[in-house]
There are 2 protein chains.
Amino acid sequence: MVLSSVTLREVANEAGVHVSTASRALNPETRSIVNEKTARRVAAAAERLGYRPHPLARGLRTNRTLTVGITVPDLLNPVFPLLYAGAETSLRDQGYSLLVGAGDDPANPVAASGILIDRHVDGLIMANAHIHSSLPQMASNQPVPTVLVNRTTDSIDAPSIACDDHAGIGLIVRHLVELGHTDIAHIAGPQDISNGVIRKQAFVAWMHSEGLDTPPELIVETNGFHTAEGRKACKRLLDSGARFTAIVGANDLIALGCYDTLAERKIKVPADISVTGFDDMAFIDRVNPPMTTVLVPFYEMGALAGQVMLSLLTSDDSGAGTLPTSTRLRPVLKTRGSTAPPAGS
Amino acid sequence: MVLSSVTLREVANEAGVHVSTASRALNPETRSIVNEKTARRVAAAAERLGYRPHPLARGLRTNRTLTVGITVPDLLNPVFPLLYAGAETSLRDQGYSLLVGAGDDPANPVAASGILIDRHVDGLIMANAHIHSSLPQMASNQPVPTVLVNRTTDSIDAPSIACDDHAGIGLIVRHLVELGHTDIAHIAGPQDISNGVIRKQAFVAWMHSEGLDTPPELIVETNGFHTAEGRKACKRLLDSGARFTAIVGANDLIALGCYDTLAERKIKVPADISVTGFDDMAFIDRVNPPMTTVLVPFYEMGALAGQVMLSLLTSDDSGAGTLPTSTRLRPVLKTRGSTAPPAGS
DNA sequence: TTGTAGGCGTTATCAC
DNA sequence: GTGATAACGCCTACAA
């Protein structure tokens, strides 16, 4: 239990030593310098008085806040709380707290991170990068140690952790082809977001490698990974008059939007048209019909991002020899009730 | 864009004034004391240099961090990100940032808030209170300004914002009675959480006021508002051999657990048994069957909690005349596909 | 091994 | 109305 605001000076008095000795005794890094016995006396005094170091005073002095910022596009998409939980788990043990910034404005990608930077976070985990996002700069005029997660971009030179979207789309396309589909549509995500681009490119590539065609009218783009965008895009697809028996959604929410539009038009999933998602977000296995999708390990991505951040934060040579690694996690196909052989077969 | 670490002293130099004058000129509270013209000169210099006050230095001096902690039981339940978003919206405009603490350990209710307190949050929004939770204490040995939200407890003397659970259960019970149900079971939440207690009591009260019986075997309790708990409780209910045609779940997740157990036993919802939830969490309208539930305005609750917190934080007389208000927001019945007249009618 | 002194950037209390 | 000075609590050369 946290009790009173005891200062280091009081601990020092209680232990009969001077402040600096108390400081050294309590700091793991410098504990070795101090006499074994006095160190224990100080520790005991600190314990007895319920001493808690003042984070602001310490931070002002050390120029570190033990705080890491994490920016996510949208907290209401359940995958991002999951990502957060992963990162938090990795960082909490080392004494770091997470400060969340939510927002997905492409025009002002730094908006969410700006407030975090102003608060002097020691590092930044970006899950909302746009392709042209630039690395926000820190008060010290040096870039904040940054880790990209979920989305990547070449314009930020930072370690990145993401899902192997190319492979994921491959799982989906092969699954549909095995079911007998040949006319497959794709509702792509925004093309200023890496996931949107990669999944679309992967879709084309895998279709071709299966010997299938990808006519332009069967690929439509959205302005966001949201249900409403999925609804609109699905309408465009249907209104184009093009024939297809399956829709590959760029993520689960877009695919959910397809559910809505198809239901509106009395088109049955999967009897008339198969629909697939991407992410395997919470509860997507319980919608009607349960959605065939690809699991993206968001929790693990977050946990890994946290660990990479830790290694960035504790690397002695700051910036020089740190190698920006790029990790791609393996997706897993989740076959459920939204896919079936095409009507004609 | 945040650029360099310019200090107040540099701004003062640039403007040709002393640091203290610069401080006063930049602080809205004290701007009036300083000469109109020099104030503008300082402001211009600050703007030109891209000055950002150092939050740690300021906080160390003023003993305020412009940070509010929010503790939630479980970020993976989509209602809590919603709550968070509401609070964040209210507080951000006033310059406050939110620090999240997640956890729901009844044995150590302060666990989640402890880390926040240690970081000297200016206030605490508790959404994870247990009935016997005590008010965590601040470093200053004075209680942190606290707002209870979502869950309440008498053992903490703080303003509270919650849903009118009693009324909500009334909506549910009347709905089921109108459908013709008379044998209605309740799967209650944990009885060390206000929502669990109130909803259970309300269930009994409303049943009686409808002239219906509540035999003890038709009321089972869970250890948490989770799907797994709902599954287990539903099994106990069925295995008791008692007859019933409807289950009132203490929240949506518990009701989802019922879906699972009932499906396992080939019992159809709502044909054989009707099931209701509580919260109207995201996507619960898309499960199979779409769940009849009661909407709890979590976003509004969060926003209100943020505003109450602001008034606590800006009240001049600290603690003396502040009246702990208690607000109950109105729930809304959402009739969907998980409820129907009982089989015999 | 321990004590001394200075300063991180800001605000508040003086005096001018 | 403005300037000088101290202090918030902590860490860290440097000196002893």
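Residue numbers begin at 1 in each chain, while the letters A, B, ... track the order of the sequences.
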(request) Apply the side chain to side chain contact (heavy atoms under 4.5 Å, CB included) test between Leu116(B) and each candidate in Val144(B), Ile70(B), Val121(B), Ile125(B); give the one that qualifies. (result) Val121(B)

(message) Between P on dC10(D) and CZ on Arg52(A), what's the gap in Å once rounded to a whole number?
(response) 12 Å

(message) Students often mix this up, so state it plainly: with edges at 30° and 60°, are the rings of Phe80(B) and Phe298(B) parallel, tilted or perpendicular?
(response) perpendicular

(message) I need the CG-P distance between Leu26(A) and dG9(D), as an integer number of Å.
(response) 16 Å

(request) Assign Thr62(B) to base, sugar-phosphate, or nothing according to its heavy-atom contacts below 4.0 angstrom with the strands shown. (result) sugar-phosphate

(message) If we ignore hydrogens and angles and just use 3.5 Å, is the side chain of Ser97(A) paired with the main-chain N or O of Leu66(A) as donor and acceptor?
(response) no

(message) Rounded to whole Å, please give me the gap between CG in Asp118(B) and P in dC10(D).
(response) 12 Å

(message) Is it the case that over 12 heavy atoms from other parts of the model lie below 6.0 angstrom from the CZ atom of Arg41(A)?
(response) yes

(request) Please name the residue in the list Asn63(A), Thr65(A), Thr62(A) that meets the side chain to side chain contact (heavy atoms under 4.5 Å, CB included) test with Leu56(B). (result) Thr65(A)

(message) Nearest whole Å is fine: how far is dT12(D) P from Glu29(A) CD?
(response) 9 Å

(message) Does Asn27(A), at its CG atom, have more than 12 non-hydrogen atoms belonging to other residues, nucleotides or ligands within less than 6.0 Å?
(response) yes

(message) Reading DNA chain D from 5' onward, which residue's closest nucleotide shows up sooner: Arg61(B) or Thr21(B)?
(response) Thr21(B)

(message) With a sphere of 6.0 Å drawn around CZ of Arg48(B), does it hold more than 12 non-hydrogen atoms of other residues, nucleotides or ligands?
(response) yes

(message) Using whole Å, what does the distance between atom P of nucleotide dC11(D) and atom NE2 of His18(A) come to?
(response) 17 Å

(message) Going 5' to 3' along DNA chain C, which are the first and last nucleotides with any atom under 4.0 Å from a heavy atom of chain A?
(response) dT1(C) to dG9(C)

Would you tabulate the nitrogen or oxygen pairs shorter than 3.5 Å linking the protein to nucleotides 13-16 of chain D?
{"from": "dA13(D)", "atom 1": "N6", "to": "Arg24(A)", "atom 2": "NH1", "distance (Å)": "3.4"}

(request) Answer yes or no: is there a donor N or O on one side and an acceptor on the other, between the side chain of Glu10(B) and the main chain of Thr7(B), under 3.5 Å? (result) yes

(message) Measure CG/Leu8(B) against C1'/dG3(D) and give the value in whole Å, please.
(response) 14 Å

(request) Calculate, to the nearest 0.5 Å, the distance between atoms CD1 and OG1 belonging to Ile161(B) and Thr325(B) respectively. (result) 6.5 Å

(message) Rounded to whole Å, please give me the gap between CZ in Arg9(B) and C1' in dG3(D).
(response) 12 Å

(message) Looking at Ser23(A), I'd like to know whether one of its side-chain N or O atoms comes within less than 4.0 Å of OP1 or OP2 on dC11(D).
(response) yes

(message) It should be established whether Arg58(A) places a side-chain nitrogen or oxygen under 4.0 Å from OP1 or OP2 of nucleotide dC11(D).
(response) yes

(request) Output the residues of residues 34-48 of chain A in contact with DNA chain D, where contact means a heavy atom of the residue under 4.0 Å from an atom of the strand; sort by number or write none. (result) none

(message) Under a 3.5 Å threshold, yes or no: a donor from one side chain and an acceptor from the other, between Thr67(B) and Arg119(A)?
(response) yes

(request) In whole angstrom, give the distance that lies between atom CG of Leu56(A) and atom C1' of dC11(D). (result) 15 Å

(message) With a 6.0 Å cut-off (strictly less than), is the heavy-atom count around CG of Asp154(A), excluding the residue itself, greater than 12?
(response) no

(request) Could you verify whether a donor N or O on one side chain and an acceptor N or O on the other, from Arg328(B) and Ser160(B), lie under 3.5 Å apart? (result) yes

